[in-house]
Amino acid sequence: MTTIGIPKEIHPGEKRVAATPQTILKLKKLGFDVVVESHAGHGINAIDSEYREAGATVIDGTKELWAASDVIMKVRPPEENKALGVHEADLLKEGATLIGFVWPAQHKDLLNRLAKRKATVFGMDCVPRITRAQKMDTLSAMANIAGYRAIIEAANHFPRFFTGQITAAGKIDPAKVLIIGAGVAGLSAIGAAKGLGAIVRAFDPRSATKDQVASMGAEFLDLDIKEKEEGEGKGGYAKQMSDDFLKAEMALFAAQAMQVDIIVTTALIPGKPAPKLITTGMVESMKPGSVIVDLAAEQGGNCALTEPGKIVHHKGVTIVGYTDLPSRMASMSSQLYGATIVALIADLSKEGILEINLDDEVVRGAIVLHDGKMMWPPPAPATPPTAAPPEPGVPTKSSAAVAAASTKKSGGHGHGESNGINPWVLAFGGLVLFGIGFLVPSEVKAAGGDTLSHLTVFILACFVGFQVVWSVKPALHTPLMSVTNAISGIILVGGMLQLVGTELSVTTILGAIAVLVAAINIAGGFLVTNRMLAMFRK
Amino acid sequence: MNQSLITIAYIAASALFILSLGGLSQQSTARRGNLYGILGMLIALVATVFAMKDGNYAVLAAALIPGLVIGAILAARVQMTSMPELVAMLHSFVGLAAVLVGFATYLGPHKAMSSGEHTLHLVEIFLGVAIGSVTFTGSVIAFLKLRGTIGGKPFMLPGRHLINLIMLIATVALGAAFLMSPDTAAGQWPLIIATVLTGILGVHFIMAIGGADMPVVVSMLNSYSGWAAAAAGFMLGNDLLIITGALVGASGAILSYIMCQGMNRSFVSVMLGGFGTEGGTPSTATGEPQGEVHSVEAAGAAELLLDAKKIIIVPGYGLAVAQAQHSLAEVCKILKEKGVEIKFAIHPVAGRLPGHMNVLLAEANIPYDIVFEMDEVNDDFPTTDVAWVIGANDIVNPSAMDDPGSPIAGMPVLHVWESRTCIVMKRGMASGYAGVDNPLFYKDNTLMLFGDAKKVVDEILTAMRG
C-alpha cells in the first residue's frame, strides 16, 4: 500500500500544511496510508490527536517521516532544513513522488536535486487551467484568499472607513480602491472592497474580464488608445503588451494614483518577473494615508518601492509587500489546498496505487519530473477558450459568435450572428461561378450560349451578393457602402479594354475618361473606408 | 501573360471582393475586409493591363495615375461630416464611367458576330448606358441635396409618376430605334437621346425623394452603380465585371432594404418618392402642436446633466453639421467621472447615411459599447433622468406614434419624451427634413436649448468645468 507523508512546513512564517484532518479522511477513503509529522498542523490549530482520529499515523521526527513516505505532499517547494542541516530534496526516498508547489521555472537547481533522487514530481502550480481541472486549481484557490486578504491588510493600514457616511460629526468620503489585474485575486479583492463599502475600479488588459469586473460591481477602466490590443495570452493568462499599450496603461495608472486611496496590484506574467506598474512618482502623488498592497511582491512586485515580505512607509504611503497572504489565513488555505491536492491524487491513482497516464492532459500538465526525467514544460496548451483572435482560415463567425456568447447578452440586431455566413464559403462559391463561365463547352458558346453562361454567372453572383451582407452590423453600414462603392470602380476594367491602338480615336478618349473617373472612385472609396474603420474602437 | 493566367487572376479578384464584403459585416474583421478589397482591385488591374491587346499604355497611365491621386486627395481631405456627399459623388463617377464605356464599345471596332449576337450585344450596350446615365445624374442630385445646394424637400411636378412612365416608354422606343439602326452613324443618335432622357429621369427621380430618405437613396444608387458595372461586363463579355457588378448591385439592394426596415417603410414607397406629402395632411384638428415652449440656458442644462444618474444622448444630423462630437466626448468624460451612466441612442436613419452617427462618435473616441441601436435602448427611457437630443428632430417626433394622420406615422422613433426630463438642442424652431412639426418641443418635460450644437456643447462644457 502506498504511504502518503505530510511533513511540517519549514519555510519561515509558513503556517499552512498540505493536509488537514478533513482531507486526511478523503485520502484514507482513496485507499492510502497517511503519515503526518508531529506538530505539522500547528499553524492551523490542528493538534496531532485530531490527525490520529482522522486515521493518520503521527510520526515524530522529520527524517523518519520522509523515509516512511512513498508520496510526499507539501505546500512550499523543498528547501534546506537548517535545523537538520540537510536539504528536503535529499530526504526524499529514492523513486518517491512529491506533490506541491514547485515553480519549475524558478527552481532549476531543486529539480536537478530531485532528478538525482529519481523522483516523480507534480507541481500544483502547473495544473493546467482547463475546466476539467478546476477542482485541482490550487492557484485560483490561493489567489482568492490572497485577494480577500489584500483588502483586509489594506483596511488594517488605511486610517479611514471604506464606506462613505454622513454623520452628525460631518461627512466621510468613501474610500476609492483601484485593483490592477482582474484575475481571481483581483476579482476577489473587488468583492471584498465592495463589501466594505468602497468605490472600486479595476483595470485589466484582457477585455474578456470586463464583464467579470462589472459583475463584481466595480467600474472597468478602459485605456484611451485607438488600437485595441488583446491582452489574453495562452491558457487565459495575460501576456506582455506592446509599448504603445504600456504607455497608455501607465498614463492611466498615473491619473488614477492621484484619485484613489488604495491600490491592489495583482499583475503577473507567467515565467517573467512582475511588471513594474506603479512608479515611485506615482506613489508620491498619492494622498497621505494611502495604501498599496502588492500581491506580486514575491515575483519582484508591481510597485517600484515594494520590498517582498515587508511593509514600507514612503512619504505617507504604506506599501504592503507580504508574500504570505494565504498563509496568514492558514486554516482556510490549508483546507482548500488539501482539497485540491486530494482531487489531483484521486485522478492519479486507483485504489491507493499511483497510475500515471501521460496521455491525460491534466497529468501531462502537472507532472514536472517522471522517475527523474524532466517533463517540464509540457506541450503548449490550447488557445484561450473565449474570444480567440480570428485566425486566417478559421471562419470569422465562430470567434465572433463565441465572443458574442461570452460578452453580449442583449439580442442585438435582427440578422445577428445567426445569419452570419462564412465568407470563405462564399468565396468558394465565387470560384464555382467562374468555373461555370469558363467551362461552358465552346459549341454552346457558338450557338449564343456565351451570353447564357454570362447570365448564369450574373444570377449566381447576385445570390452571393444578397447573402454576404445580410448580417451586417448597422454601425458598419457606411463603411460597407463605401467599400462596395470602391469595388464598383471595377468598371475601370471596362474603360481599360477600350484603350486599344496607338492613335487617339473617340473610343480611346472615352475609355480614358472612364478610366480617370473610375480611378478617382477606387482610390477615394478604399481610402475613405480605411479612414472610417480606423476610427472605430471599443 | 496568357489567357488562363488572366482568368486565374480574375477568379482571385472576385473571391477577394466577396471576402471584402463579408469582412465588412463584422466590426472585428472590417479592416481586413477593406484590405481584401484593395488587394482584389490591384490584382484585377494588373491582370487587365496584361489583357489589353495592343494596349495604349501611355493613355492608360495618363488617365489612371491622376485619377488615383485625385481620389486619394479627396479621401484624405474630406471631413467626416461630408462623408455622405463624397460617397454620393463617387457613385456618380461609376455611372459616368459606365456611360462612357458603353459609348466607346459601340463606337469602337466590332468583332464579327452573327446577327442574333449583334442584337444581343446592342441590347447590352443600351442597358448599360441607360443604367449608367440614371446612376450618374441621380447621384449628382443626391450629392447636391446632401450638400444642401438643393433643398431637402421633395420636389414634385404634378403627375410625376406619369412623367416617369412616359420617359421610360420613350426610352424603350429609342432602344427599339437603336436596334433597328443600320450602322453606328445612324445608331448613335437614338443612343445619345436615350442617354439624355435617362439622365433627366435620374434627376427627376431623385429630386422627388425627400431628404429624410437620403440614406436609402445613396444606398440604392450604390446598387445601381453595381448594375451599371454588370451591364458593362455583359457588353464586353467580361466575367469579372459581371460578378463584381452583381455583387455590388445585390448587396446595395439588400442594404437599402435593411434600412427601409429600420424606418418601417416599404422600399417601393421610398422609391416612389415624396416623403412628407403622401397620406393625409397633418390633421390640425387633433391638436396642432402649439403651446408653450420651455427653454433652458447652457448653464442650467449642465446642472441638469450633472445631477442625473442616467442619461441617454440622442445625436442627429445637427451634431454632425456643427462638428460637436469632440466637445460632446469631453462632456461625456466629465459626466462619466462623476459616475453618471451614459448611453447613446442611435436611430437607424439618424444623420444622412446609415451608420453616420456611429462613424462620427467613433471619430470622437466615444467607445462603441455605450452606443446602442434604437431597439436596444428604447425601453430604457422611462428610467432615464435626462434624454439629451442633439440636433435631431424627426426621429424623436411622438406624432409618429400618436397621430395616424402624420406623414411620418408608423415610423419607429426614440421615445425620449418618456424620460424624466428631455433637453432638446436645436438651432431654432424650424421643422426637420420631413417638414413636420414636432409636438415634443411643447411637452412639459421638454426643455429647449437653442443655438449651434458645437457652441452650446462648448458652453455646457465650460459650465461643468467651472
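Chain letters run A, B, ... following the sequence lines, proteins first and then strands; every chain starts at 1.
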Which atoms of Ile490(A) approach chain B - backbone, side chain, both or neither, heavy atom under 4.5 Å: both

Nearest-0.5 Å distance that lies between atom CG in Asn521(A) and atom CE in Met89(B): 9.5 Å

Region of Val49(B) in contact with chain A, defined by heavy-atom distances below 4.5 Å: both

Under 3.5 Å: donor-acceptor pair, side chain of Asp239(B), backbone of His454(A): no

Most contacts with chain A, counted as non-hydrogen pairs under 4.5 angstrom, among Val101(B), Asn34(B), Val248(B): Asn34(B)

Residue pair Phe93(B) / Leu516(A), side-chain heavy-atom distance below 4.5 Å: no

Reported CD1-to-CD1 distance for the pair Ile459(A) and Ile242(B), which is rounded to 0.5 angstrom: 11.0 Å

Residue part contacting chain A, namely of Ala98(B), when any heavy atom lies under 4.5 Å: both

Contacts of Asp375(B) that satisfy salt bridge (charged side-chain N to carboxylate O under 4.0 Å, His left out) - sequence neighbours left out: none

Approximate separation, where rounding is to 0.5 Å, of Asn222(B) CG and Thr484(A) OG1: 3.5 Å

pair Ile243(B)-Val464(A): side-chain heavy atoms closer than 4.5 Å: no

Closest heavy-atom pair and its distance - Val218(B), Met481(A): CG1-SD, 3.5 Å

Shortest non-hydrogen contact between Leu510(A) and Ala104(B), atoms and distance: CD1-N, 3.8 Å

Side chains of Leu64(B) and Met496(A) in contact at under 4.5 Å (non-hydrogen atoms): no

Minimum heavy-atom distance Val94(B)-Gly489(A), with the two atoms named: CG2-N, 4.4 Å

Interchain contact, Val493(A) with chain B, by part (heavy-atom threshold 4.5 Å): both

Minimum heavy-atom distance between Ala97(B) and Ala518(A), given as atom pair plus value: CB-CB, 4.4 Å

Heavy-atom pair count under 4.5 Å with chain A, highest-scoring of Leu74(B), Ile346(B), Leu241(B): Leu241(B)

Shortest non-hydrogen contact between Val483(A) and Ser20(B), atoms and distance: CG2-OG, 4.1 Å

Value rounded to 0.5 Å, distance of CG in Asn530(A) from CG in Leu35(B): 7.0 Å

Segment of Ile522(A) engaging chain B (4.5 angstrom heavy-atom cut-off): side chain

Contacts of type ring-ring contact (aromatic ring centres under 6.0 Å, His included), residue Phe203(A), not counting sequence neighbours: Phe253(A)

Side chain proximity check, Arg531(A) to Val78(B), heavy atoms < 4.5 angstrom: yes

Taking every non-hydrogen atom, the tightest pair across Ile491(A) and Ala232(B): CD1-CB, 3.4 Å

Leading residue by heavy atom contact count with chain A [cutoff under 4.5 Å; candidates Leu221(B), Ile65(B), Val69(B), Thr244(B)]: Thr244(B)

Derivation and outcome, side chain to side chain contact (heavy atoms under 4.5 Å, CB included), residues Val528(A) and Leu86(B): CA-CA 9 Å; Val528(A) 136; Leu86(B) 179 72; 3.2 Å; yes

CG-CD1 distance between Leu24(B) and Ile487(A), expressed to the nearest 0.5 angstrom: 8.0 Å

CG-CZ distance between Leu247(B) and Phe463(A), expressed to the nearest 0.5 angstrom: 13.5 Å

Closest-packed option against chain A by number of heavy-atom pairs under 4.5 Å, given Pro66(B), Ala58(B), Ala246(B): Ala246(B)

Proximity breakdown for Ala364(B) and chain A, heavy-atom pairs closer than 4.5 Å: neither

Residue pair Tyr224(B), Ser488(A): steps toward the side chain to side chain contact (heavy atoms under 4.5 Å, CB included) verdict: CA-CA 10 Å; Tyr224(B) 282 7; Ser488(A) 67; over 6 Å; no

Per-residue contact mode, Ala512(A) against chain B (heavy atom under 4.5 angstrom): both

Winner by heavy-atom pair count (cut-off under 4.5 Å) against chain B, out of Leu480(A), Val506(A), Asn485(A), Leu492(A): Asn485(A)

